[in-house]
Amino acid sequence: MTDENSGFSELLKTPLEKPKRPGDRSRREQAPSLPVAAVIGGLVIGAGIVLAGFTVARSSEEPVTAPTVATSIQQTTTTTAAPTTVAPTSGLPTGFVALNDRVGVRPVRILHRGSEVFVSFVTAVLTGLDPEETSGFNGGKWQLLLDDETTVENDQEFFDALARGSFTVKFTVPDGVSPTGVRLAGEALRNSTAFQSEVSVEGLPATLPREEFAVDGDVTLVIDEMEIREDGGLINWQLEGNSDVTASVQPMIISHNSNQSFPTVLPVRSFSSTFDFFSPIFDVPPTSRSDTLELEPPPLADVSVVERLEIEWFVSWVVYLPANVEIPLEDVPLARVEL
Amino acid sequence: MRTTLIGIAAGVAGAALAAGGLALGNVGQESPPVGAVATTTTRVVDVTGEDTAQQVGHLGSSIVEPTAIDIEPELVVLQFELRDIAPPEVGHHDDNFFQPGFRAVPNLNFGVTAPELWTLITRDGTEYPGTTSSIRARSARFPVPEDFDPDSIAWVRIDQFRQRIPVSFPLDFAVDQRQRFQLDPDTAVSLDSIIEQSSGITYRFVVEDPFDSFSTSGNFGMDHVGLVGAGPGWVTGGPWERGIQLTNSNTDDQDIVSVVAVSSNWINLPSDALIAVDHLLGAGS
């Protein structure tokens with residue numbers, strides 16, 4: 001660069017450019033000004049990038065298994081929290097503890113209400129995972145670690161779609177102890193499926209025969225007793241097999257009638273709710289080993305017209321995968337309510 | 001000068017070869033999104049915020065990202081956005097009644113995290129407190145003195161935020177007593193009266209849920225606590241002037257009335273999230 005071009009050079013400088021040191025110019029002038037070297041250098045760098053680009057592109061052809069949201073067990077079965085094969089790509093925000101390779105939690109509040117302890121957590125996906133595409137935490141078996149070095153198992157867990165990103169675990173503790181930590185001892189794998197059955201009847205009342213459905217592995221759903229009367233009815237069900245599995249059973253009963261009327265849905269009382277005005281979305285239905293469901297009176301003027309009952313059994317069940325994650329509760333805000 | 005031009009030409013040729021190499025390697029494939037890791041996710045979220053030099057703050061299950069600073073007379077207004085970093089919640093929709101079961105609930109765009117108390121910090125360390133007005137607001141307002149220098153703004157700190165927390169309480173009310181159950185430090189439920197109907201019994205409950213302008217959604221002033229009947233026979237429910245009433249079709253005398261208080265309250269949580277905002281100066285509307 002000649003001196004007459006120095007003004008133009010100054011205009012091209014950015015404010016971030018480092019000022020030249022006194023010896024810079026002389027060193028550059030001493031370097032060999034070989035155009036051939038520049039050409040070779042450029043071509044070598046370009047060729048290197050060609051090779052690197054090809055390698056990178058080819059390496060990305062390796063199959064990458066993403067977290068699966070649903071796994072088909074049978075035609076109508078869905079499974080949440082399916083196993084993942086992607087290792088965590090990075091960490092979590094400060095204070096979070098990873099529960100698995102997808103999700104971490106942080107305890108944010110302890111509510112100590114009489115003998116009940118409610119530990120509330122917020123959740124986050126691991127860096128690199130899209131929250132919308134990641135199967136979340138679906139509950140588990142928890143232990144509360146107490147300051148007398150004993151533990152208690154959790155009674156309940158609370159989820160609510162209105163409160164995405166948080167959940168609460170409830171424990172019942174003896175007097176005079178305080179929690180020091182929690183441990184996740186099993187991670188829930190929640191599944192759902194549906195079965196269909198059909199039976200011919202000659203009006204109501206009707207007592208339906210015992211039915212069995214294979215749910216999962218060695219677990220069988222048994223419908224012990226099902227009675228439909230003009231004033232209501234009941235259904236008794238229980239699980240047989242693996243004693244660790246619990247389930248929720250929700251039947252939909254459709255009556256096909258001889259008088260050519262439309263099929264009629266016979267209502268089943270839900271597990272508890274009558275008032276969902278303030279919380280329009282149910283949380284996770286409770287599961288158990290057995291239950292009795294009550295039926296409302298059929299909305300039929302003449303129950304003698306019932307000639308066929310079609311029943312769809314919606315079954316959700318929970319199994320637990322082994323886990324061992326300990327989360328300290330130090331410095332977690334505590335609210336206390338004396339009863 | 002000639003040397004420089006030749007070098008530039010060679011570099012351009014090299015770059016062209018590089019582009020060719022990348023294109024060759026990518027034949028038949030879609031390019032990964034810029035900055036994405038090798039997963040099938042379509043949007044990469046940095047939950048730690050470390051890659052953006054503390055220009056975002058972590059808050060509960062969300063990330064707070066300031067987007068603009070507006071300077072008004074004796075007032076600084078910080079606009080921000082909230083991004084969920086939580087996965088979908090387990091549960092099921094009512095609108096999927098005909099196929100109930102466990103499934104992930106999609107993001108319903110109900111806010112679950114809300115910053116409430118802030119502090120604006122200048123380069124010399126002077127602090128000005130500020131607030132957000134509600135769970136739906138996406139701005140924080142900081143009153144400042146008349147001679148405030150906007151160019152001195154450096155950081156904001158979030159001192160307190162709200163997080164929506166689900167919890168339920170089974171409650172057994174002895175009918176012959178007017179029991180009151182404290183749920184948490186702020187809310188309580190008591191049995192007020194019993195009304196016998198021809199087809200059932202209506203139980204009226206008082207819900208003590210102090211009005212909170214920050215988190216209310218105008219739902220009769222009772223946003224945080226609902227009641228459901230426990231056990232058989234519950235048929236209807238609805239609000240009355242002091243709480244919630246539930247009707248059970250069982251007309252027999254009951255000693256105990258069992259209900260469940262369902263709460264999804266916005267609890268206060270402390271925070272020390274410190275976020276750099278000086279890069280927003282001059283970019284506000």
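Remember, predicted model here, so these are calculated numbers, not experimental data. Letters A, B, ... are given to chains in the order of the sequence lines, protein chains preceding strands, and every chain is numbered from 1.
Rounded to the nearest 0.5 Å, atoms OG (S168(B)) and CD (Q156(A)) are 7.0 Å apart.
For the salt bridge (Lys or Arg N to Asp or Glu O under 4.0 Å) test, residues two or more places apart in sequence or in another chain that qualify with R113(A) are E116(A). Under the salt bridge (Lys or Arg N to Asp or Glu O under 4.0 Å) criterion, D159(B) pairs with R157(B), sequence neighbours left out.
Only the side chain of V103(A) comes within less than 4.5 Å of a heavy atom of chain B; its backbone N, CA, C and O stay farther away. With a 4.5 Å cut-off on non-hydrogen atoms, I165(B) touches chain A through its backbone and its side chain both. In this structure, no portion of T113(B) lies under 4.5 Å from any heavy atom of chain A. Q163(B) touches chain A through its side chain: at least one heavy atom from C-beta onward sits under 4.5 Å away, while N, CA, C and O do not.
Below 30°, between 30° and 60°, or above 60°: for F167(A) and F121(A) the angle between ring planes is below 30°, a parallel geometry.
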